[in-house]
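Remarks on the structure that follows.
The sequence lines fix the lettering, A, B, ..., with proteins before strands; numbering per chain opens at 1.
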Amino acid sequence: MTPTNKSINHPLDDLLRTDRIPHIWCPGCGIGTAFAACLTAMKASGIDLEKTVMVSGIGCSGRGAGYVMLDSYHTTHGRAIPFATGLKLANPELNVVVFSGDGDLFAIGGNHFIHGARRNVDITVVCVNNLNYGMTGGQVAATTPLGAKTTTTPVGNPDGPFNLPLMAYAAGASYVSRWTILHTRDMTESIKDALLNRGFAFVEVLSPCPVNFGRRNKEKALDSLRLYQEKTIIKNDAHPSELDIDFERGVTLGKFVDIERPTCIDRYDATCRPPEMLEEEKAA
Amino acid sequence: MKPAVLTGAHFMTGDVACAEGALAAGCRFFGGYPITPATEIAEHISGRLPQVGGTFIQMEDEIAAMASIVGASCAGVKSMTATSGPGLSLMLENIGLAVCTETPCVVVNVQRAGPSTGLPTLGAQGDMMQARWGSHGHYEIIALAPASPQEIFYQTIEAFNLSETYRVPVLIMTDEMIGHLSERVVIPEAKAIHTVSRPKARGRKDRFKPFAPGPNGVAPMAIAGEGYHIHVTGLTHDERGYPDMTVEGQEVMMSRIVGKIRNNLKDIIRTDSYLLDDAEIVIVSYGVSSRTSLAAVDEARAQGIKAGLFRLITVWPFPEEEIRKLAARVKGFVTVELNLGQIHLEVERSAGGLAPCVLVGHAGGTIITPDRVLKTLKEAF
């Protein structure tokens, strides 16, 4: 029997710009899985999708904004968070989701990340961490493991990587978690929690980049998934200082921070606005 | 609580008048970062915005400040930032994003002497070409150069109106002298202030094309949360906003974003003149330098020299047509500016060899005296 068009529809089609498919992501890449988890979480969370905006920076993951059938902004390299901050502060009714990569958010955009977390801007940041700059062909990143080979560290990376959840925690994020694309359900659930958290919520998603990172480090696509299965341990509430990524010793996944503290807008209103204005707004 | 429009006569600096002009224009978001000599704009507006329902945020650097105002404008709020040379250098990346995504916003540059950290507290006009060409790629942009606190008030309103009309970043290229100069500023009643908002998206939401141009070449703008599900990217894009990585796509997009300015020069360009009708020698100047040029014109006239002033209010796009017409009938041009020859080059280009052009320039840090202008004018012509 020939399948009808209806039968081949994807359950997320209503949230996709199907006229932009095929996407640019390579075979074996994990971004699509993280992206699908993000869209599934958006639906499941019950947030008003008409008021939901996706913002991306530049890079492979940064193309996410281009595929979502919501208001979506593909901005400049590293600047998704300050752009998202402007969107959110200008219209607090918007749900703002930043979907971008490790190079974008933590090297060129690192300063913006820590300040977004410090202010507790009420946005959700999903970072697909594939340990390298994939789009430009596999250069060393701020997340590349010590010793790993990339096109700009041909004999091995002399520097160590950031521990992203530790940075998010130290800077003041109100929600911090880490999953891999193998842990699809946990990841989806976590992104949903992050969307519902009032504050700066951060989800790190470990994802393979077999074409640009794996092949230079004797790690095929399935090898990465095997590491995600065999060399990870789920330990909710683990202290963020214990979250270095070292697959020889094991990598900790889970939800590490989930608190509520006043957001950037809460504090601005309470501190800067005339009290009579706030009363008027409440009455309205 | 003070109203958004401070109707009445005031004694205020150019920086404060700029902030008040922004509020009168409807600006309700300011993303800033401190820098001399522009800091007073952020200081003043940080107190005023929350009183009128707006938001001020001091970002972590000028890159973030610029990104935040582009984001805020995409949420439908008139947005602004203010800086000086080193800050403008950092903002240029996201000024390019605003050009490419056609996002209205206003950027104030209270110029100080450069390059690099230069003379932070002393004025100059050395960023004029940076304003025109500073972000990468070829584009058109609008820049204004007010010459007094009163004018900066009105030109800030005008900057927002032009920015909203043409969906383009507008730069206010003032200078430390005007920014820190205190003068009488008269603010009219709110109803007497003409403000413009961007053309709004209409029609079926599933068929809306966010970059399909209207009659004047400008596309109506959908804002985040309106339900149009727009995609906006700094990549070359088609009328749907989708990336279009083709030579033809580049051609079409560039023709539109350049054309919407080039085809509306009459509506955009503003100039002013003093004793120009019978002038044989034309001083071309803007900002603080146009004020010293006025004195030079008066002195020249007193000595029997028929000099006049052609003052640029809009610096970009450059009024080349007006210069060309003058070139056909005058003895020559003297460009007076606090740099070593930037707008001078534009005057020379526009004169097309029909009249000689000389420069009275200065490396910056102080004003150019009328004496120097007069001396050069006499020597050259």
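In this structure, chain B has a heavy atom under 4.5 Å from the side chain of A/Glu276, while its backbone stays farther away. Both the backbone and the side chain of B/Ile230 come within contact range of chain A, judged by heavy atoms closer than 4.5 Å. With a 4.5 Å cut-off on non-hydrogen atoms, B/Val232 touches chain A through its backbone and its side chain both. Only the side chain of B/Ile57 comes within contact range of chain A, with heavy atoms under 4.5 Å apart. Interface remark: B/Arg28 contributes no atoms to any contact with chain A (heavy atom separation under 4.5 Å). Only the side chain of A/Thr85 comes within less than 4.5 Å of a heavy atom of chain B; its backbone N, CA, C and O stay farther away. In this structure, chain B has a heavy atom under 4.5 Å from the side chain of A/Tyr268, while its backbone stays farther away.
For the pair B/Lys260 and B/Tyr166, the NZ or CZ position fails the cation-pi test of under 6.0 Å to the six-membered ring centre and within 45 degrees of the ring normal.
For the pair B/Arg202 and B/Phe208, the tightest heavy-atom approach, listed with the atom from each and the gap, is O-CD1, 4.0 Å.
Taking CD from B/Glu164 and NZ from B/Lys78, the interatomic distance works out to 5.0 Å, rounded to the nearest 0.5 Å. Taking CG of B/Asp244 as the start and CG of B/Asp238 as the end, the distance is 5.5 Å to the nearest 0.5 Å.
Between chain B and the options A/Ile58, A/Ile114, A/Leu70, A/Asn91, heavy-atom pairs under 4.5 Å are most frequent for A/Leu70. Between chain A and the residues B/Ala224, B/Ser79, B/Ala222, the largest count of heavy-atom pairs under 4.5 Å involves B/Ala224. Chain B forms the most heavy-atom pairs under 4.5 Å with one residue out of A/Arg273, A/Glu93, A/His77, A/Met54, and that residue is A/Arg273. For chain B, the option among A/Arg119, A/His115, A/Met69, A/Lys88 with the highest count of heavy-atom pairs below 4.5 Å is A/Arg119. When the candidates A/Ile265, A/Ile81, A/Val55, A/Leu89 are compared by the number of heavy-atom contacts under 4.5 Å with chain B, A/Leu89 comes out ahead. With chain B as partner, the option from A/Lys51, A/Glu50, A/Arg17 having the largest number of non-hydrogen pairs under 4.5 angstrom is A/Arg17.
Proximity of a side-chain donor or acceptor of A/Arg118 to a complementary backbone N or O of A/Phe113 within less than 3.5 Å is not detected.
Note on A/Asp104 versus A/Arg79: no salt bridge recorded, every NZ/NE/NH1/NH2 to OD/OE distance being 4.0 Å or above.
When only modelled atom types and interatomic distance are considered, B/Glu20 and B/His10 share no side-chain donor-acceptor pair under 3.5 Å.
Screening B/Val110, B/Val16, B/Thr81 against B/Ile41 for a side chain to side chain contact (heavy atoms under 4.5 Å, CB included) leaves a single residue, B/Val110.
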